[in-house]
Amino acid sequence: MFEHIDAYPGDPILSLNENFQKDPRQNKVNLSIGIYFDDEGRLPVMKAVRAAEAAILEEPGPKPYLPMAGFAQYRDAVQALVFGADCPSRAAGRIATVQTLGGSGALKVGADFIKRYFPGSQVWVSDPTWENHRFIFERAGFTVNTYPYYDEVTGGLKFEAMLSAIDALPAKSVVLLHACCHNPTGVDLDRAQWEQLIDVLQKRDLLPFVDMAYQGFGSGLDDDAFAVRELARRGVPALVANSFSKNFSLYGERCGGLHVICEDAAAADRVLGQLTGSVRANYSNPPTHGAKIVTRVLGTPALKASWEEELAAMCERIARMRAAIHDGLRAHASEAALARYVKQRGMFTYTGLSEKQVERLKAEFGVYILRSGRMCVAGLNEKNVGVVVDAVGKVMKDPA
């Protein structure tokens with residue numbers, strides 16, 4: 001029956017992480033998987049999350065199914081965080097929001113929804129993008145194309161080429177965008193560039209799908225949401241996926257949301273109904289526990305303030321690690337080559353290392369980064385950054 005089924009090649013990030021776990025070396029360093037670790041190399045439990053969870057566990061009760069759209073208080077709190085509590089589109093009821101299984105679940109539900117109602121559309125993603133973006137949309141039945149994004153020479157953005165390519169797309173094309181802390185490059189648009197891009201999206205009647213998995217890891221919760229809030233302010237129809245895996249350190253709880261900015265409240269009501277239909281066909285309804293944690297934190301002023309303070313400290317620690325590796329490599333490369341470490345934002349940076357150099361890092365020094373050269377800066381700490389600097393410096397000096 002199943003002889004014709006080929007072997008799944010595996011996810012390159014998760015497979016590399018599994019190889020890291022099997023590596024017996026004591027001084028190995030894992031900078032591959034997109035997880036934030038603290039200065040002790042541990043997955044943190046945020047103080048606000050700990051307090052919220054303790055309070056929830058003191059209130060035991062029945063655990064019924066949630067509605068298909070999710071926990072109502074969670075949906076409202078998440079929508080306020082993503083778009084701003086005073087967003088006019090929220091007040092007008094023009095945003096449809098459902099609770100999802102993390103950011104990936106939001107992308108999947110959104111992909112299924114678009115495929116049903118825009119069956120002739122194709123999807124365009126940045127070159128490069130997170131590997132799972134292509135996988136999710138292709139599995140939903142889309143043809144997936146790329147638009148120019150990363151400049152390998154400068155370590156920056158090919159903005160003019162990107163804008164020109166998107167300006168030439170057919171109407172109703174789906175354009176996948178990263179709100180902030182681009183994965184995998186760490187290269188973001190500034191506000192002026194976002195405004196130009198949104199002009200083009202609106203003029204060309206395109207459908208943006210914004211993935212915001214790292215709100216708070218770039219320039220702050222509000223600044224990182226600039227693109228989605230500007231889309232809402234202008235009334236541009238769009239989809240937005242958000243996740244609390246990173247900024248709440250709730251990876252295994254799978255907390256996320258999918259939001260659709262609509263023309264009016266009636267359209268939002270119809271869209272919400274069809275989004276719940278997509279949820280029903282995928283996993284019926286979302287889980288409760290993580291959603292209650294997020295809702296309590298966002299809805300309790302003291303807990304929210306604590307969360308925002310700790311998230312800002314996590315962001316500052318990443319910036320320190322960027323500066324440390326940048327400064328440590330000054331003896332091995334020019335400032336132009338190293339500027340990417342401090343100019344790029346968020347958990348990831350594109351190092352510019354070749355596949356051969358990446359393989360040497362792993363084989364000779366036990367430093368694991370992706371084959372593309374993507375490094376998870378959030379995996380660096382005061383104890384291992386010296387090891388990484390020494391290893392990267394050696395492969396830069398002698399790349400053969």
Side-chain angles (χ1 to χ4, degrees), residues 9-41 126-131 149-158 181-187 317-400:
D11 180 273
I13 300 175
L14 299 182
S15 297
L16 188 62
N17 189 56
E18 290 172 4
N19 291 336
F20 173 82
Q21 300 299 333
K22 297 173 185 176
D23 191 329
R25 288 175 287 189
Q26 294 299 311
N27 64 340
K28 61 184 179 179
V29 182
N30 189 1
L31 304 177
S32 60
I33 194 165
I35 293 178
Y36 175 90
F37 293 102
D38 64 17
D39 246 340
E40 299 301 317
S126 62
D127 180 20
T129 193
W130 180 44
E131 292 89 344
Y149 192 85
Y150 180 68
D151 189 330
E152 294 183 357
V153 176
T154 66
L157 179 67
K158 291 182 176 178
C181 307
H182 184 274
N183 180 5
T185 70
V187 176
R317 198 191 77 77
I318 292 175
R320 289 199 306 274
M321 292 302 99
R322 285 184 173 278
I325 195 167
H326 168 270
D327 295 346
L329 289 173
R330 278 178 169 165
H332 303 282
S334 67
E335 179 59 30
L338 297 178
R340 67 189 67 205
Y341 285 104
V342 290
K343 286 185 177 180
Q344 295 169 4
R345 302 194 310 166
M347 293 176 61
F348 306 114
T349 194
Y350 248 30
T351 60
L353 298 176
S354 67
E355 285 190 27
K356 184 179 289 188
Q357 289 171 316
V358 168
E359 183 58 34
R360 282 195 62 204
L361 279 179
K362 180 180 69 172
E364 298 179 28
F365 304 100
V367 175
Y368 286 68
I369 68 175
L370 297 192
R371 185 172 55 186
S372 63
R374 189 200 83 172
M375 173 189 292
C376 182
V377 188
L380 292 170
N381 56 55
E382 299 292 345
K383 296 177 182 177
N384 66 24
V385 68
V387 173
V388 173
V389 165
D390 181 64
V392 173
K394 287 178 179 175
V395 301
M396 284 178 125
K397 182 178 180 181
D398 183 19

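In this text, all values refer to a predicted model and were calculated from it rather than measured experimentally.
- Residues Arg320 and Asp39 are in side-chain contact: their nearest non-hydrogen atoms beyond the backbone lie under 4.5 Å apart.
- Side-chain contact check for His182 versus Arg345: every heavy-atom pair is 4.5 Å or farther apart.
- The distance from atom CG of Leu353 to atom CG of Leu361, rounded to the nearest 0.5 Å, is 6.0 Å.
- Closest approach of Asp23 to Gly366, counting heavy atoms only: OD2-CA, 4.5 Å.
- In this structure a side-chain-to-backbone donor-acceptor pair under 3.5 Å is missing from Thr349 to Gly186.
- Few gaps surround CZ on Arg330; more than 12 heavy atoms of other groups in view lie less than 6.0 Å from it.
- Annotation: side chain of Thr185 is in contact with side chain of Pro128 (closest heavy-atom distance under 4.5 Å).
- When side chains are defined from C-beta on, Val388 does not count as touching Met321, because their heavy atoms never get closer than 4.5 Å.
- Of the inter-residue distances, the one linking Leu338 atom CG with Leu329 atom CG reads 5.5 Å to the nearest 0.5 angstrom.
- The CG atom of Leu380 lies 11.0 Å from the CG atom of Asn30; values are rounded to the nearest 0.5 Å.
- Put simply, the side chain of Tyr341 does not reach to within 4.5 Å of the side chain of Val377, judged on heavy atoms.
- Among all heavy-atom pairs drawn from Ile35 and Met347, the shortest one is C-CE, 3.4 Å.
- Pairs of residues two or more places apart, or lying in two chains, that qualify as ring pair (Phe, Tyr, Trp, His ring centres under 6.0 Å) and include a residue from residues 345-371 are Phe20-Tyr368, Tyr150-Tyr350, Tyr214-Phe348.
- Residues Asp38 and Asn381 share a closest heavy-atom pair of O-CB, 4.1 Å.
- Residues Lys343 and Arg322 form no side-chain contact, since every pair of their non-hydrogen atoms from C-beta on lies 4.5 Å or further apart.
- A side-chain donor-acceptor contact under 3.5 Å links Gln344 to the backbone of Gly155.
- The side chain to side chain contact (heavy atoms under 4.5 Å, CB included) check on Glu359 picks up Lys362, Ala363, with sequence neighbours excluded.
- Atoms CG and OG1, from Asn183 and Thr129 in turn, are 7.0 Å apart once rounded to the nearest 0.5 Å.
- Within the 3.5 Å criterion, the main-chain N or O of Phe37 finds a donor-acceptor partner in the side chain of Arg317.
- Taken to the nearest 0.5 Å, the CZ atom of Arg360 stands 9.5 Å off from the OG atom of Ser354.
- Nearest heavy-atom pair across Glu335 and His326 is OE2-NE2, 3.0 Å.
- Between Ile325 atom CD1 and Thr351 atom OG1 the span is 8.5 Å, to the nearest 0.5 Å.
- Tyr149 and Val187 make their closest contact through OH-O, 2.5 Å (heavy atoms, listed as atom of the first residue, atom of the second, distance).
- Using a distance-only test at 3.5 Å, with no hydrogens or angles considered, a donor-acceptor pair links the side chain of Arg374 to the main chain of Ser32.
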* Starting from the C-alpha separation in whole Å, work towards a yes-or-no answer on side-chain contact (heavy atoms from CB on, under 4.5 Å) for Leu370 and Val358. => CA-CA 7 Å; Leu370 297 192; Val358 168; over 6 Å; no
